[in-house]
Chemist: 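What follows is a single structure, and I will ask about it in a moment.
A note on names: the letters A, B, ... follow the listed sequences, proteins ahead of strands, and every chain is numbered from 1.
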Number of protein chains: 2
Amino acid sequence: MRSASGKTGRPSSPTSGAETEQAFIAAATRLFAERGFKGTSIADLARELNLTTASLYYYVDGKQELLARVLETGMADFLARLQDIAEGMGDPREKLERAVENHIDFVINRRDVVRIFLRYRGMLQDSPREHYQGLLDRYQLLFTTILADALGDSMPDIDIVLVRQTVLGMINSLIEWYDPAGRLPPDVLRSQLSRLILERMLRRD
Amino acid sequence: MRSASGKTGRPSSPTSGAETEQAFIAAATRLFAERGFKGTSIADLARELNLTTASLYYYVDGKQELLARVLETGMADFLARLQDIAEGMGDPREKLERAVENHIDFVINRRDVVRIFLRYRGMLQDSPREHYQGLLDRYQLLFTTILADALGDSMPDIDIVLVRQTVLGMINSLIEWYDPAGRLPPDVLRSQLSRLILERMLRRD
DNA sequence: CCTACCGATCGGTAGG
DNA sequence: CCTACCGATCGGTAGG
């Protein structure tokens, strides 16, 4: 991506590319989450950024590149948090608790990105697809490791991958129904769901 | 919907409307699940049915009607199964087990419809949307009732709606990762997931 | 059920 | 030669 600046046609002073990139990713994230990937046109994105569609093409190759940026930056951040937890202090059980609550918080606080993860990752192609898949694989492997360390051999008869996907799946499903402004405030939701997972489903017998 | 018949342009003998409807719903289900709702064109659907796009419009009002048919017939079937379980024999705990395993089986055996439920129900509008939402509400209410009967007051400190959404969410998430031809055969998956839910997460203390 | 089309919009690109 | 864009339009396809 190159850097954009003002709203007018003047050559305009160069702004930092990082700032521009932020704006593009934020706009794409909002629109893809709201209208869907196919439901968002290049014109929609350009309008959001106060550009013409032609100008948008000066910065990006197309919607696919924007989707890749959204997914890669979001997933990289998500993975970094889990790595901090894995490498941080605490016993295995505490790390699992933090990993679970981190995942819950991510789904609640970054709804738009998570919605795009879950719905449109399949639209990625070629090398962006492989790169994103690599980050996702690392996240899942790391989560499995944290899970296995915390569980020990307390659940020998159940497949560890099934457990991991089930835990992540129940948290991810928040995106479909949870309303932070609803009956259950975020901190209550987090603690109840966390207890349902850790003190019930994954309790050591 | 009217009824279609052969592949040629002859007025062709009237076949049962039911047979035609089946073919339309089957084609729409396959394509929407494979390519997405917006990713499926009217031309794609017509080709699948050996019709021209213009002819397709003779039978249906458009993609929205097909989506509504797919969702309503699928959801009605899904609800009927749960009603049979609720009204059938057995104690509350057995009914809950059947309800859970029924849901698992539905996700495994009717992947295409479930994928459309989860991804494209939001694209419905107006009265089809309300009708579908009504069926979904009834399913969720019935599931909550079965859940509450089975749990009694064994989990007084956790919100029953959170429990319901969590149970349904973890089962629904199978659509994202479970491969019936993979490492876990369907019957093993069903029994392990069922036990994870019933004997662990919802165990009576 | 087909042929012959439409208004509009799609993602993407031309020259300047 | 490069940057940062613009107005206008390209070839095709959407639903109807």
Chemist: Between A/Ala28 and A/Ile116, what is the shortest heavy-atom contact and its length?
Modeler: O-CD1, 4.5 Å
Chemist: Between D/dC10 and C/dC10, how many Å separate the two C1' atoms, rounded to a whole number?
Modeler: 12 Å
Chemist: Contacts to DNA chain C from residues 123-131 of chain B, heavy-atom cutoff under 4.0 Å, which residues?
Modeler: none
Chemist: Taking it one step at a time, do B/Asp149 and B/Lys95 satisfy salt bridge (Lys or Arg N to Asp or Glu O under 4.0 Å)?
Modeler: CA-CA 9 Å; B/Asp149 286 351; B/Lys95 289 187 182 184; over 6 Å; no
Chemist: Dump the pairs, protein N or O against N or O of nucleotides 3-5 of chain C, anything under 3.5 Å, distances to one decimal.
Modeler:
none

Chemist: Which protein N or O atoms sit under 3.5 Å from an N or O of nucleotides 10-12 of chain D?
Modeler:
none

Chemist: Quick one: which of B/Tyr59, B/Tyr58, B/Phe32 gives a ring pair (Phe, Tyr, Trp, His ring centres under 6.0 Å) with B/Phe24?
Modeler: B/Tyr59
Chemist: Taking B/Arg81 first and then B/Asp105, would you say they form a salt bridge - that is, a charged N and a carboxylate O separated by under 4.0 Å?
Modeler: no
Chemist: Considering only atom C1', compute the distance from C/dG11 to D/dT9 and round it to an integer number of Å.
Modeler: 13 Å
Chemist: Which pairs pass ring pair (Phe, Tyr, Trp, His ring centres under 6.0 Å) with one or both residues in residues 81-101 of chain B, sequence neighbours excluded?
Modeler: none
Chemist: For D/dA8 and C/dG12, measure between their C1' atoms and round to the nearest Å.
Modeler: 13 Å
Chemist: Excluding sequence neighbours, so at least two apart, what forms salt bridge (charged side-chain N to carboxylate O under 4.0 Å, His left out) with B/Asp157?
Modeler: A/Arg195
Chemist: Side-chain N or O of A/Tyr57 versus OP1/OP2 of C/dT13: is the shortest distance under 4.0 Å?
Modeler: no
Chemist: Would you write out the dot-bracket form of DNA chain D, 5' to 3', with Watson-Crick and G-U pairs under 3.5 Å, [ ] for crossing pairs, | for pairs to other strands and . for unpaired bases?
Modeler: .....|.|....|.||
Chemist: How would you list, by chain and number, every residue that makes a salt bridge (charged side-chain N to carboxylate O under 4.0 Å, His left out) with B/Arg93, sequence neighbours excluded?
Modeler: none
Chemist: Would you mind checking if A/Glu176 and A/Arg115 are paired as a salt bridge, meaning a charged N to carboxylate O distance below 4.0 Å?
Modeler: no
Chemist: Tell me, please, which residues at least two apart from A/Gln192 pass side chain to side chain contact (heavy atoms under 4.5 Å, CB included).
Modeler: A/Val188, B/Ile158, B/Asp159, B/Leu162
Chemist: Taking only residues two or more places apart in sequence or in another chain, which ones pass side chain to side chain donor-acceptor pair (under 3.5 Å) with A/Asp91?
Modeler: none
Chemist: With B/Ala54, which residues qualify under side chain to side chain contact (heavy atoms under 4.5 Å, CB included), at least two apart?
Modeler: B/Thr52
Chemist: Would you please name every residue forming a side chain to side chain contact (heavy atoms under 4.5 Å, CB included) with A/Arg164, sequence neighbours left out?
Modeler: A/Gln140, A/Phe143, A/Thr144, A/Leu147, A/Val161, A/Leu168
Chemist: Please list all pairs passing the side-chain hydrogen bond (donor to acceptor under 3.5 Å, both in side chains) test where one or both residues lie in residues 24-36 of chain A, with sequence neighbours left out.
Modeler: A/Arg30-A/Glu34, A/Arg30-A/Glu48, A/Arg35-A/Asp44
